[in-house]
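This report concerns only the one structure given below.
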Amino acid sequence: MRKLIDRPALCDIVINDLARWKDWSLQDRVLALYGTRGFDIPSIRRAMIRYLIASSKDLPAGEEPPPHVVKGRQLVEELRRKDPKRVAEVERFFFLQ
């Protein structure tokens, strides 16, 4: 699935699956693709934001934040600076426990 992230036609589906599987290995790649040609479709952008938010909240109870959580938080903040309106929109409708 990781190889399919570079295909805009499948990207949002791939990203959603990776988030569901808690595969955070593509955090940097997701941010690099965000808003680039072919990946500037609103549904793809929302999937990317959800992926990064989910990675930032994948915190085991009672433990220090693992590297993917710290990285996810940084990347969400970077996206918040780039595209604050869309990040706020996704956060409003994206509920994680």
Side-chain angles (χ1 to χ4, degrees):
M1 289 296 275
R2 291 182 191 127
K3 293 179 182 183
L4 297 176
I5 197 167
D6 292 318
R7 299 181 68 185
L10 300 172
C11 184
D12 56 339
I13 297 166
V14 170
I15 289 171
N16 289 331
D17 283 343
L18 293 173
R20 191 167 30 97
W21 299 333
K22 296 186 177 190
D23 181 344
W24 311 124
S25 63
L26 295 177
Q27 289 173 308
D28 290 322
R29 185 70 183 137
V30 166
L31 185 66
L33 290 173
Y34 187 85
T36 61
R37 187 175 180 173
F39 297 90
D40 53 353
I41 299 166
S43 63
I44 293 175
R45 286 184 181 205
R46 284 190 300 269
M48 291 176 166
I49 294 168
R50 283 191 305 266
Y51 174 84
L52 294 173
I53 290 172
S55 74
S56 73
K57 297 193 181 277
D58 183 33
L59 184 62
E63 294 184 24
E64 290 293 316
H68 71 270
V69 171
V70 174
K71 181 78 163 183
R73 290 174 182 168
Q74 292 169 349
L75 297 178
V76 169
E77 286 307 313
E78 191 171 330
L79 275 182
R80 195 181 317 280
R81 287 189 295 276
K82 281 184 180 180
D83 197 352
K85 184 178 177 182
R86 193 167 321 263
V87 172
E89 172 188 293
V90 170
E91 287 178 322
R92 186 174 48 202
F93 295 108
F94 186 61
F95 300 102
L96 282 177
Q97 296 182 16

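Because the structure is a prediction, the values reported are computed rather than measured.
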Closest non-hydrogen atom pair between Arg73 and Pro65, with its separation: NH1-CG, 4.0 Å

Asp12 backbone acceptor or donor facing Asn16 side chain under 3.5 Å: yes

Smallest separation among heavy atoms of Leu26 and Tyr51, with atom names: N-OH, 3.4 Å

Smallest separation among heavy atoms of Gly38 and Pro8, with atom names: O-CB, 3.2 Å

Contact summary for Val90 and Arg50, nearest pair of heavy atoms: CG1-CG, 3.6 Å

Joint cluster assignment, Leu52 & Leu59, ILVMFWY side-chain distance < 4.5 Å: no

Ring pair (Phe, Tyr, Trp, His ring centres under 6.0 Å) contacts touching residues 70-89 (sequence neighbours left out): none

Path from Val70 to Ile53 over hydrophobic side-chain contacts below 4.5 Å: no

Pairwise distance CD1(Ile13) to CZ(Arg7) - rounded to 0.5 angstrom: 11.0 Å

Heavy-atom pair with the smallest gap, counting every atom of Ser56 and Val69: O-CG1, 3.2 Å

For Arg81, salt bridge (charged side-chain N to carboxylate O under 4.0 Å, His left out) partners two or more places apart: none

Within-4.5 Å side-chain heavy-atom neighbours: Arg80 and Val76: yes

CD1 on Ile5 to CG on Leu18, rounded to 0.5 Å: 6.0 Å

Any Arg46 side-chain heavy atom under 4.5 Å of Glu89 side chain: yes

From CE (Met48) to CZ (Phe39), nearest 0.5 Å: 6.0 Å

Spacing of Tyr34 atom OH and Arg86 atom CZ [to the nearest 0.5 Å]: 5.0 Å

CZ (Arg37) with more than 12 external heavy atoms under 6.0 Å: no

Residue pair Met1 / Val14: nearest heavy atoms and the distance that separates them: O-CG1, 3.3 Å

Hydrophobic cluster membership, Ile15 vs Ile41, 4.5 Å side-chain cutoff: yes

Ile49 CD1 to Leu31 CG distance, which is reported to the nearest 0.5 Å: 10.5 Å

Within-4.5 Å side-chain heavy-atom neighbours: Asp17 and Asp23: no

